[in-house]
2 protein chains.
Amino acid sequence: MNKINNYEEQCAFQEILKIIGGKWSMSIIYILFSGKKRFNELQRTVPHINTRMLVKELKNLAEYKIISRKVFATVPPTVEYSLTEKGKKLEPIINDFYNWGVDNLYEYPGK
Amino acid sequence: MNKINNYEEQCAFQEILKIIGGKWSMSIIYILFSGKKRFNELQRTVPHINTRMLVKELKNLAEYKIISRKVFATVPPTVEYSLTEKGKKLEPIINDFYNWGVDNLYEYPGK
DNA sequence: GTAGCTACTTTCAAAAGTAAAGTATTAAGA
DNA sequence: TCTTAATACTTTACTTTTGAAAGTAGCTAC
């Protein structure tokens with residue numbers, strides 16, 4: 001177990017947050033827990049995201065090997081996004097995080 | 001256990017991220033795991049944060065009862081920030097999140 | 001009377017995000 | 001043949017958010 005107790009470790013934490021701490025990253029990752037998705041499918045599923053931001057986020061997540069991008073030479077083109085092993089490891093963490101939020105911040109209708 | 005599997009639940013998740021998914025929130029919360037801190041102390045401890053953003057984040061976290069703000073009528077004034085019970089519950093989650101990052105994204109010197 | 005302390009606030013420029021329309025490639029229908 | 005449609009982006013113009021730096025208030029010690 002690592003503990004953040006000095007400035008250097010704080011910086012490491014901020015590096016991590018820079019990669020998956022943004023407005024859209026976790027939402028996209030969460031959706032991919034249920035399996036691979038195509039671009040338009042993600043766009044329909046992530047509430048309020050716009051094309052430019054989805055492209056940017058997918059590029060970023062792929063760069064850090066959290067998701068992988070698979071292109072099929074069909075017409076029109078098909079692109080599939082899915083979680084890598086690294087990405088899949090986030091499932092219990094993001095689940096806990098979401099549940100904390102539901103219990104402590106936001107009461108959604110079905111609770 | 002809650003699962004995000006529809007649009008409505010995605011929106012709930014985004015509400016949660018709006019509150020603690022920002023660039024600075026988790027860094028501040030993490031520092032407060034080690035106990036109450038004063039304003040200038042936080043400013044020195046959170047790398048690269050500026051006054052304006054620290055004020056804004058502390059106000060936001062206090063609004064959602066994740067931290068509490070205690071003012072002492074000393075000269076010069078003293079203000080103490082600490083985690084509420086809600087906030088303390090984030091400790092294992094943010095710890096796991098940080099450890100995931102260290103293992104999968106960022107290798108800090110002491111690892 | 002001047003400098004210093006804390007916890008902010010204000011101002012303005014820079015960066016990031018949003019909305020809407022456009023692009024390439026092919027294929028199917030009128 | 002000409003129009004429409006589909007996917008996965010790109011581009012442009014605009015708005016919002018963030019950041020850096022300086023300023024404020026109230027008192028105190030030198």
Side-chain angles (χ1 to χ4, degrees), chain A residues 7 10-11 13-29 31-32 35-64 66-83, chain B residues 7 10-11 13-29 31-32 35-64 66-83:
Chain A
Y7 189 85
Q10 274 298 328
C11 287
F13 191 36
Q14 295 197 348
E15 289 297 312
I16 295 161
L17 290 172
K18 223 182 272 176
I19 297 162
I20 41 163
K23 186 175 176 182
W24 303 110
S25 324
M26 286 211 213
S27 275
I28 295 167
I29 293 167
I31 286 162
L32 292 174
K36 62 190 178 192
K37 297 277 179 295
R38 294 175 58 183
F39 186 88
N40 279 351
E41 207 171 351
L42 283 168
Q43 181 138 345
R44 280 190 302 271
T45 320
V46 180
H48 314 301
I49 199 168
N50 64 47
T51 316
R52 194 174 160 285
M53 280 298 110
L54 183 55
V55 170
K56 223 179 148 200
E57 267 310 318
L58 290 171
K59 198 174 284 178
N60 177 62
L61 292 172
E63 186 185 339
Y64 287 96
I66 295 163
I67 64 170
S68 68
R69 184 175 183 274
K70 205 169 174 184
V71 185
F72 297 91
T74 56
V75 171
T78 300
V79 183
E80 264 179 20
Y81 294 93
S82 59
L83 291 171
Chain B
Y7 189 86
Q10 275 297 328
C11 287
F13 191 35
Q14 294 197 348
E15 288 297 312
I16 293 162
L17 289 171
K18 223 182 274 175
I19 297 162
I20 41 164
K23 186 173 175 183
W24 303 110
S25 324
M26 287 211 215
S27 276
I28 295 167
I29 293 168
I31 286 161
L32 291 175
K36 63 191 177 190
K37 296 277 179 296
R38 295 174 58 183
F39 186 88
N40 279 350
E41 208 170 349
L42 283 169
Q43 182 138 344
R44 279 191 302 271
T45 319
V46 180
H48 312 303
I49 199 168
N50 63 47
T51 316
R52 192 176 157 287
M53 281 297 110
L54 183 55
V55 170
K56 222 181 149 201
E57 266 311 319
L58 290 171
K59 199 174 285 179
N60 176 62
L61 292 172
E63 185 185 339
Y64 288 94
I66 295 163
I67 64 170
S68 68
R69 184 175 182 274
K70 205 170 175 183
V71 186
F72 297 90
T74 55
V75 170
T78 301
V79 182
E80 263 178 20
Y81 294 93
S82 59
L83 291 171

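Proteins get letters first, then strands, A, B, ... in listed order; numbering begins at 1 in each.
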**Asked** How close or far is atom P of C:dT9 from atom CG of B:Leu58, stated in whole angstroms?
**Response** 11 Å
**Closest contact, heavy atoms only, B:Ser27 versus A:Leu17** = OG-CD1, 3.9 Å
Which donor-acceptor pairs under 3.5 Å do side chains of residues 43-50 of chain B form with protein atoms, sequence neighbours excluded?
unit_1	atom_1	unit_2	atom_2	d
B:Gln43	NE2	B:Thr51	OG1	3.0
B:Thr45	OG1	B:Glu41	O	2.4
B:Asn50	OD1	B:Arg52	N	3.3
B:Asn50	OD1	B:Met53	N	2.9

**Complete:** Interatomic distance, CG@A:Leu42 vs CD1@A:Ile67, rounded to 0.5 Å, equals 8.0 Å
**Request:** Check each residue of residues 68-82 of chain B for a non-hydrogen atom within less than 4.0 Å of any atom in DNA chain D, then write out the ones that pass by number, or none.
**Result:** B:Val75, B:Pro76
**Prompt:** Between atom CG in B:Leu54 and atom P in C:dA7, what is the gap in whole Å?
**Reply:** 10 Å
**Request:** Would you kindly give the CD-to-P distance between B:Glu57 and C:dA7, to the nearest whole Å?
**Result:** 18 Å
**Message:** Between P on C:dC8 and CG on B:Leu42, what's the gap in Å once rounded to a whole number?
**Reply:** 11 Å
**Message:** Working to the nearest 0.5 angstrom, can you tell me the gap between A:Ser25 OG and A:Lys18 NZ?
**Reply:** 13.5 Å
**Asked** For the atom pair CZ (A:Arg69) and NZ (A:Lys59), what is the distance rounded to the nearest 0.5 Å?
**Response** 8.5 Å
**Asked** Taking atom C1' of C:dG17 as reference, at what distance in whole Å does atom NZ of B:Lys18 sit?
**Response** 14 Å
Restricting to nitrogen or oxygen on both sides, can you table the protein-nucleotides 17-19 of chain D pairs closer than 3.5 Å?
unit_1	atom_1	unit_2	atom_2	d
D:dT18	OP2	B:Lys56	NZ	2.7
D:dG19	OP1	B:Lys23	NZ	2.7
D:dG19	OP2	B:Trp24	NE1	3.3
D:dG19	N7	B:Arg52	NH1	3.3
D:dG19	O6	B:Arg52	NE	3.3

**Message:** Whole angstroms only, please: what is the CD-P distance between A:Glu41 and D:dA6?
**Reply:** 16 Å
**Request:** In whole angstrom, give the distance that lies between atom CD of B:Gln14 and atom P of C:dT18.
**Result:** 10 Å
**Asked** Between B:Pro77 and B:Arg38, which heavy-atom pair has the shortest distance, and what is it?
**Response** O-NH2, 4.0 Å
**Complete:** Closest heavy-atom pair, B:Phe13 versus A:Met26, reported as atoms and distance to 0.1 Å, is CE2-O, 3.6 Å
**Prompt:** Below 4.5 Å, heavy atoms only, C-beta onward: do B:Tyr81 and B:Leu61 meet side chain to side chain?
**Reply:** no
**Asked** What is the distance from CD of B:Gln43 to C1' of C:dA7, rounded to the nearest Å?
**Response** 9 Å
**Heavy-atom closest contact (A:Asn60 atom, A:Ile19 atom, distance)** = ND2-O, 3.1 Å
